[in-house]
Number of protein chains: 2
Amino acid sequence: MKISEISQRYGLTPDTLRYYEKIGLIAPVPRNASGIRNYSEDEIKRIEFIKCMRRAGIPLQTLIEYIELAKKGDDTISLRREILLQQREQLVVKMRDLQETLNFLEYKIKIYDKAVLNAKKDLRSENA
Amino acid sequence: MKISEISQRYGLTPDTLRYYEKIGLIAPVPRNASGIRNYSEDEIKRIEFIKCMRRAGIPLQTLIEYIELAKKGDDTISLRREILLQQREQLVVKMRDLQETLNFLEYKIKIYDKAVLNAKKDLRSENA
DNA sequence: ATACAGGCTGGAGTGGGCTCCAGGTCAAGC
DNA sequence: GCTTGACCTGGAGCCCACTCCAGCCTGTAT
């Protein structure tokens, strides 16, 4: 698959895809005779992984470290597991934060609902 | 309260607090005779609000817009409400994303658990 | 033959959100 | 009276994660 197809499919610009390759997040993508990238299943899986992690805001640097370890083979399995555990923990914390903010927003919105209602009431009595 | 006290209490550096003031996120803080900021309840409430919103990743620009509206008085209530509704919606989406990534992480971690277990088994049989 | 789309590269630029710094003022303690 | 430390200012610098660009190449359509 060409870069533009991948781009469309995953909502990442070609520039971003090349950038990920440049910084070592994706292994050098195989090229055809005229130097054009031809993404295979391997790269696609990697991109899906990255996309998922990035949507949760996990930094590129963390992903690079993880992938570097993966390259080094089975000796790094427990280190990689550690990274995943850490990230999971951080996501849990982040979810809690989001939930708190969400609760606060709900609370404020309720207050605004009342305010809007009162404003309408005032308007009615003005017209009366 | 002095800037350093606020800084400690909310985990924002004095630089960040002054920065928020500079960009109009906090109204100019009252000063004592020698020009030193003296934060009052009003500012503290504002800072708590900002802190909460920022933890959920709501952009400074959005907060500035909201606060600009609040300054303009009651005519802007329903606009402000709209902003809050929008942010709530975005937070809900973000939570879903995080949950998905979390699920994926759980799944990967399980695979790693097995791999670590197998590695230990191999080690035992080597020693046997 | 040529125009054009789409790819390539290296490197510069951008936007968000801080963070750091030089150079200055001031109040308190020694 | 001098040092120290906390504060002040304007402005520069930094990190992250892209994003854009000039200048070049190539395969395909007209």
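Proteins come first, then strands; the chains are lettered A, B, ... in the order of their sequence lines, and each starts at number 1.
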Subject >> Spatial distance of atom CD1 (A/I26) from atom CG (A/L17) [nearest 0.5 Å] >> reply: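 If we round to the nearest 0.5 Å, A/I26:CD1 and A/L17:CG are 5.5 Å apart.
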Original post:
Could you state the interatomic distance from CG (B/L69) to OG (B/S78), rounded to the nearest 0.5 Å?
Top reply: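 The distance works out to 9.5 Å.
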Original post:
Which heavy atom of A/A70 sits nearest a heavy atom of A/T76, and at what distance?
Top reply: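 For A/A70 versus A/T76, the nearest heavy atoms are N-OG1, 4.2 Å.
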Subject >> Span of DNA chain D, from the first to the last nucleotide whose atoms fall under 4.0 Å of chain B heavy atoms >> reply: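 Reading along DNA chain D, I get D/dC7 to D/dG11.
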Original post:
Any Lys/Arg nitrogen of A/R37 or A/E43 sitting under 4.0 Å from an Asp/Glu carboxylate oxygen of the other?
Top reply: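 Between A/E43 and A/R37 there is no salt bridge, as every charged N stays at least 4.0 Å from the carboxylate O atoms.
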Subject >> Salt bridge A/R18-A/D15, side-chain N to carboxylate O under 4.0 Å >> reply: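 Answer for the salt bridge query: yes.
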Original post:
Taking only residues at least two apart or on different chains, which pairs with a member in residues 64-103 of chain B satisfy ring-ring contact (aromatic ring centres under 6.0 Å, His included)?
Top reply: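 For residues 64-103 of chain B, and leaving out neighbouring residues, the ring-ring contact (aromatic ring centres under 6.0 Å, His included) pairs sorted by first residue read B/F49-B/Y66.
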**OP:** Give the C-alpha distance, both sets of side-chain angles, the deciding distance and a yes or no for salt bridge (Lys or Arg N to Asp or Glu O under 4.0 Å) between A/E68 and A/K71.
**Re:** CA-CA 5 Å; A/E68 285 297 316; A/K71 266 193 226 159; 3.2 Å; yes
Subject >> Exam field: side chain A/Q87 to backbone B/L105, donor-acceptor pair closer than 3.5 Å >> reply: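 Flag not set: sc A/Q87 to bb B/L105 has no pair under 3.5 Å.
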Original post:
Heavy atom of residues 15-36 of chain A under 4.0 Å from DNA chain D: which residues?
Top reply: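 DNA chain D contact set from residues 15-36 of chain A: A/D15, A/T16, A/Y19, A/Y20, A/S34.
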Original post:
For DNA chain D, which residues in residues 41-65 of chain A have a heavy atom at a distance below 4.0 Å?
Top reply: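 Hits under 4.0 Å, by residue number: A/R54, A/P59, A/L60.
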Original post:
Do we see a donor-acceptor contact under 3.5 Å between the side chains of B/T13 and B/T16?
Top reply: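 Side chains of B/T13 and B/T16: pair found under 3.5 Å.
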Subject >> A/N32 and A/S34: side chain donor to acceptor below 3.5 Å >> reply: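 Their side chains do contain a donor-acceptor pair, which is all the 3.5 Å distance test asks for.
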**OP:** Taking heavy atoms of chain B and a 4.0 Å limit, find me the 5'-most and 3'-most nucleotide of DNA chain C within that range.
**Re:**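 On DNA chain C, the outermost contacted nucleotides are C/dG17 to C/dA27.
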Subject >> Terminal helix-axis angle for the helix from C/dA1-D/dT30 to C/dC30-D/dG1, with five pairs defining each axis and rounding to 10 degrees >> reply: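 One end axis against the other gives 20°.
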